[in-house]
Amino acid sequence: MTRPPEDFPLPDYLDQSPAVRARFARIRQREPILEVRGLGKRFHTRQGEVEALRDLNFAVHRREFVCVIGPSGCGKSTLIRILAGLEPHSSGEVLLDGAPVQGPGRDRGMVFQGYSLFPWLTVKENVMFGPEMSGAGRDEAERDALMWLDQVGLTRFADAYPHQLSGGMRQRVAIARALVNQPRILLMDEPFGALDAQTRARMQGHLLDIWRNIDVTVLFITHDLDEAIYLADRILVLKAHPGEVQELIEVPVPRPRSPGQFASVEFRATKARLEALIHPPQEQHDEARLEPEIQPRLIRLTNVNDDVE
Amino acid sequence: MPMPSIDAGLPLKPALQQQTRHWFAVRTVLDAQQRLLLGVGSFALPILVWCLVSYLPFVWHPKMEIRDAGGVDYFQVGMLVDHAQFLEERDNMVAQHLALPRGVPANPIYLPAPHEVALAFVRAFTTPPEQKDQPWLHEALWHSIQVIFWGFLASSLIGIPLGILSGTYAAVGRLNEPFIEFFRYLPAPAFGALAVAVLGIYDGPKIAIIFIGTFFQQVLIVANTTRKLDATLIEAALTLGTRGVRLLTRVVVPGILPDLYRDQRILLGWAWTYLIVAELIGTSTGITFFITQQARYQHFDRVYAAIFMIGVVGFGTDLLLARLGRRLFPWDRSTDQD
């Protein structure tokens, strides 16, 4: 692990205030919900075998908020799909409450990046889907669904179809639909990736509110560094080819979080560290070497005096 | 962080309106009035061409209809002769100093004028058939509709479940699709003689031909539609605790229903195209019997009326089903533009 250079004006991202340090100590005291041990994943393709994930080890404690971040190709989506049971893994084990995970199940709720709501069901019926699958009666399912729609503020849209909702509203329904099953862990695969910046900021705040008020543990995948720091207790940084744990960072930004903290020194120190991990200077070099033909040669095509800057 | 978009202040609306007014803007959306006008036009244009050919004596009209035989011994009033032949006989009469034949330009018997077909169409419903044992047009048509209905129903009862299973489970698909892919190239009418041998000469073989013509396409199309269902929906259902048969009944089937319905409409259209061949097998029945019978008596106006009737019923059914579809699947966005 390399430290930031000495002349860097920010404090070390490893420096934690006493309150933050005490909080992490408390989190470590809680029982682990999800344990990943020696997890590996290999694909067989026509070009040969590809190692997507290698020897991942980490644990997520109860009511912890963990973000997973990494460059493209680091296998973060593969990881969350394995955790959800949608894909098999090649080696190691995934334990939920100490029991190995086999296939998808309602104990692990999932929110997808794309719109995964059932278009033929109304908003309410979408949320009722999970309870109905687990054998709840229609009345009970409806009661639960309405309660959760109230939690995400969409009671008014209970009888609308998903295509009538905005992107942010659809993801709210998707969150309600996953949470109504009372999962042990909520897996979120870049859930706000397709939203515009304003909606995304609102949804981040909304998700933190939900997480604060509900007994749920969150594993959240993103490629947005600010989003990861803003939301997470800890950030699992993966590196690509093969996907390996690069560092598991304890975010020193105190809670409760607010958008005002984006400018705080802890925030900036963490972001500097993430940037160093994810965009190391030599990597851009690699990219330029890999694509030597992409070298823009700009010739001035405007009047000499017609300056824009 | 959020930046105001640069074009937020531009007046977008007038530009859009101008675009929709333009008839030949590429991939533009027509407004309701344009759609109606063009839709009526698509029927009016071919009818106009038909009218021109029928009612303007100097357009085509390769025959002469004899009005007065004159001295030509084999001419009869109402007879149609070639133009050249008429001129030749007239010259003969001039040479022999006999009475000249008179005639008017006419089209061949197989191209009746629009008003004749329209009259035949009305008469087919108002006047009884010439022979006692012959069916009325609507009786013939009703018989045909029944043949199509049973053939299409039998095909759908097996084809839709098989297609859905093939599209859902790769193993089922692989087990039947290569064979079906081969079989669909075998022309359905080729099985006519076989169908008669097995099912007799009445409606059995006809329904079988409709079945063969529909079924194999149906399995492949439904399987393909099923495969196009967004995998995320199935994965979402899995993470919500859906298992086994419920994945099919609660996710796959409702997920593909609007597309499946559209497939069925297209397939029903294909079933109609097999009808005429199917009804020629064994004893000729239904609308085909009507058509062949009328053609034998050279009542081509009635032949056209019957063909036109098939079009009305087929197209009408499809319009009706399209409208019903919009009502059945309110969540389906792709019907918005229909």
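Letters A, B, ... mirror the listed sequences (proteins, then strands); counts begin at 1. Bear in mind the structure is a predicted one, so any value in this text is a computation, not a measurement.
- Of residues 164-180 of chain B, not one residue has a non-hydrogen atom less than 4.5 Å from any non-hydrogen atom of chain A.
- Taking 4.5 Å as the limit, some side-chain heavy atom of A:Pro104 sits within range of a side-chain heavy atom of B:Arg243.
- Looking at B:Thr242 and A:Phe129, their side chains come closer than 4.5 Å, going by heavy atoms from C-beta outward.
- Heavy atoms closer than 4.5 Å to chain B are found in the backbone of A:Leu117, but not in its side chain.
- Interatomic distance, B:Ile234 CD1 to A:Leu86 CG, rounded to the nearest 0.5 Å: 11.0 Å.
- Within the 4.5 Å cutoff, side-chain heavy atoms of A:Pro119 are placed close to those of B:Leu233.
- Note: A:Thr122 OG1 to B:Trp331 CH2 = 11.0 Å, rounded to the nearest 0.5 Å.
- Among pairs with a residue in residues 107-121 of chain A, those fulfilling side-chain hydrogen bond (donor to acceptor under 3.5 Å, both in side chains) read A:Ser116-A:Arg177, at least two apart in sequence or across chains.
- More than 12 heavy atoms of other residues, nucleotides or ligands shown are found within 6.0 angstrom of CD on A:Glu35.
- The candidate with the highest count of non-hydrogen atom pairs below 4.5 Å against chain B, out of A:Pro183, A:Gly85, A:Gly105, is A:Gly105.
- Looking at heavy atoms from C-beta onward, A:Tyr161 lies in side-chain contact with B:Pro330 at the 4.5 angstrom threshold.
- For the atom pair OG1 of B:Thr239 and CG of A:Leu186, the computed distance is 10.0 Å after rounding to the nearest 0.5 Å.
- Counting heavy atoms of neighbouring residues, nucleotides and ligands inside a 6.0 Å radius, atom CH2 of B:Trp150 does not exceed 12 of them.
- B:Arg250 touches chain A through backbone and side chain together, each having a heavy atom under 4.5 Å away.
- Dense packing is recorded around CZ of B:Phe183, with more than 12 heavy atoms of other residues, nucleotides or ligands lying under 6.0 Å away.
- With a threshold of 4.5 angstrom between heavy atoms, A:Gln164 does not approach chain B through any atom at all.
- Considering CE of A:Met133 and CG of B:Leu240, their distance stands at 9.0 Å, rounded to 0.5 Å.
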